[in-house]
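Below: one structure, written as structure tokens.
All values below were derived from every heavy atom in this structure, side-chain atoms included, with hydrogens, water molecules and symmetry-related copies excluded. Each chain gets a letter, A, B and so on, in the order its sequence line appears, and its residues count up from 1.
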Protein chains: 2
Amino acid sequence: MISASARIRRFNRAVTQEIGALDNSYLGRGRPLGAARLLCSIGPDGAEVGALRDLLSLDSGLLSRLLRGLEEEGLIVTEPDPADRRRRIAHPTARGKREIAAYDRLSDARADALMSRQSRGADALLAAMDLVATALTRHRITVSRIDPETPEARYCLNEYYAELARRFETGFDVTTSLDPEALNLRPPLGSFLVALSDGLPLGCVALKGNGSETGEIKRLWIAPAARGLGLARRLMKRAETEARALGIRTLRLDTNRTLTEAIALYHRLGWHEIPAFNTEPYAHHWFEKRLSEH
Amino acid sequence: MISASARIRRFNRAVTQEIGALDNSYLGRGRPLGAARLLCSIGPDGAEVGALRDLLSLDSGLLSRLLRGLEEEGLIVTEPDPADRRRRIAHPTARGKREIAAYDRLSDARADALMSRQSRGADALLAAMDLVATALTRHRITVSRIDPETPEARYCLNEYYAELARRFETGFDVTTSLDPEALNLRPPLGSFLVALSDGLPLGCVALKGNGSETGEIKRLWIAPAARGLGLARRLMKRAETEARALGIRTLRLDTNRTLTEAIALYHRLGWHEIPAFNTEPYAHHWFEKRLSEH
DNA sequence: AAATTTATCTGACTAAAGTCAGCTATCATG
DNA sequence: CATGATAGCTGACTTTAGTCAGATAAATTT
């Protein structure tokens, strides 16, 4: 009776109701659900018609008609893709953008209502939602290079620092640590990689370079919701690829003794321990890996 | 960009797809979704038409037509409620039961597929799903008296023992503890209360009586997914009501020093500490509360 | 016993969603 | 430049879902 599938069904029932209520709140603007969803999927920046068809898995005829409907309402305009004039791109008009913003507000209001019902434990609920969403969409986690000063990168770093502060016996204060400059984490010197799942950052790793043949791995972090998915391995492998492309032949890193899963990972990925190569106050172990040619 | 509402929306997107896929899997049996859902809601034991209307929030006309459809397929029969012949009750036929079982298997298969995709962390995913489902349906948590030997009660007790084993400095072995007999936890001597949310037990408390005017509170447990909802208070208040109804005037309990939130709760609910009244090996604190007349 | 309420059903509708064959414009390829 | 593939559109459908005003029969109230 309290089997895994019974629990999953209970989850489905609970969430179906919530989603249904959300859908109904989308209905308050005199537009059927399909059209509202389409408009929101087009978004403020516009979208390709083909991408929309895949995203919403709509029949091409149905999508066409919905687009015509939105166009007649004056909410969007469509134009051929200049690169391939068979394709078309849908853009919201000013009115369309206002309408999208109105739907966003409805959705935010529901989210706020949901969170305010949580006397406490709002953080726990959000964390649980992240974990479920990540588990359901794990096949769509992408790893990409971003600038270390974007909001996504800052979010990762803040979460990383917060976790170090919780785990290190001595706490963690980033100002006393050897914090790399953004310059060394961008091409052509280095790189900053982030794992994203539908917009939410789930992990990061920084490759710090200085133009020489030796680089450094820093800031490897995986969101609690995404642990156990092999994401750390994926980020480290990708960092090695980036390093090779930048002409780096040897990678180093330092780490704290409390980060046992990271240390185990470094061993598994072929790193070996070396004497201290810096004076990082929070470091207890130093590792090195020579990169093979390809 | 990584606001609470953005995270909730991401959750909604991820889950909408999963629910959509589940719905589509319901479509593989040549029956529209509405009819399939209705059949599954009727369930193997049958259901009242009015209850179905409320549950699925269907228009009375639409429900009627769907029921006729299932009847023509030979999957259900409807008959008037003997107690009030205006009402009708729908029962599945043998074929209907087989069809319901087939839908259950589809749903279980999806659940299995989901869990097997989790390399590890299946438990964490289930726990997160429980937490989300509980948060979304918290207004529908019921507290009721059940027999201490039902599967629901056993589930609660096993979870309770497992948690004690994790938390007590000395571990916990139920065979060395003063385990009450089921006899003392059932009317007319005592009572066993469980908090249920859509079938999942979220908490319990036992009232152990021996026929005298002094009873004992035992086995207060709240599922991790349900903490912070005020459920412990609700269970304790209900246990007091049960005690009064059984003629108990004074309640006692013992507890371990590591269960700090429970100890704080006992103080808030008007219990006061007394000298040891038993030889429970895991107890550090003993409490008493005199029950007022009503 | 008559009037009212309640639970369900029926018929006649509308709206929304989805399907499919065939059309047109554009691009890619030999 | 002819051929075939691709992306999207249009028209003509069907299915599913949902609405609503009575009708009917049983229960309840007056």
Tell me: [atom1] of [X] to [atom2] of [N], nearest whole Å?
X	N	atom1	atom2	answer
B:L63	D:dA17	CG	P	13 Å
B:D59	C:dC13	CG	C1'	13 Å
A:L66	D:dG8	CG	C1'	14 Å
B:L62	C:dT14	CG	C1'	14 Å
A:N24	C:dA16	CG	C1'	14 Å
B:L67	D:dA17	CG	P	14 Å
A:R68	D:dG11	CZ	P	12 Å
A:E71	D:dG8	CD	P	14 Å

Please list, by residue number, the residues of [range] whose heavy atoms come closer than 4.0 Å to an atom of DNA chain D; answer none if no residue qualifies.
range	value
residues 26-35 of chain B	B:P32, B:L33, B:G34
residues 39-55 of chain A	A:V49, A:G50, A:R53
residues 76-88 of chain A	A:R86, A:R87, A:R88

For [X] and [Y], test the side chains for any donor-to-acceptor distance below 3.5 angstrom and give the result as yes or no.
X	Y	answer
A:S144	A:T142	no
A:T134	A:S197	no
B:S107	A:R9	yes
A:R31	A:Y103	yes

Compare all side-chain heavy atoms of [X] with those of [Y] and state whether any distance is below 4.5 angstrom.
X	Y	result
A:H91	A:I76	no
B:R98	B:R95	yes
B:I100	B:P92	yes
A:L70	A:I42	yes

Quick test of your reading of the model: are B:R140 and B:D198 salt-bridged, counting only N-O distances below 4.0 Å?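 No, B:R140 and B:D198 are not salt-bridged.
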
With the threshold set at 4.0 Å, does a side-chain nitrogen-carboxylate oxygen contact exist between A:R37 and A:D23?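 The answer is yes: the pair qualifies as a salt bridge.
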
For B:I89 and A:L58, find the nucleotide of DNA chain C closest to each by heavy atoms; which residue's nucleotide sits nearer the 5' end?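 The residue closer to the strand's 5' end, by nearest nucleotide, is B:I89.
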
Evaluate the criterion salt bridge (charged side-chain N to carboxylate O under 4.0 Å, His left out) for residue pair B:D81 and B:R88; output intermediate values, then yes/no. CA-CA 5 Å; B:D81 181 342; B:R88 311 207 100 221; over 6 Å; no

Taking only the side-chain heavy atoms of B:R65 (C-beta and beyond), determine which of C:dC9, D:dA12, D:dC20 contains the nearest atom.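 Nearest to the side-chain atoms of B:R65, counting from C-beta on, is D:dC20.
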
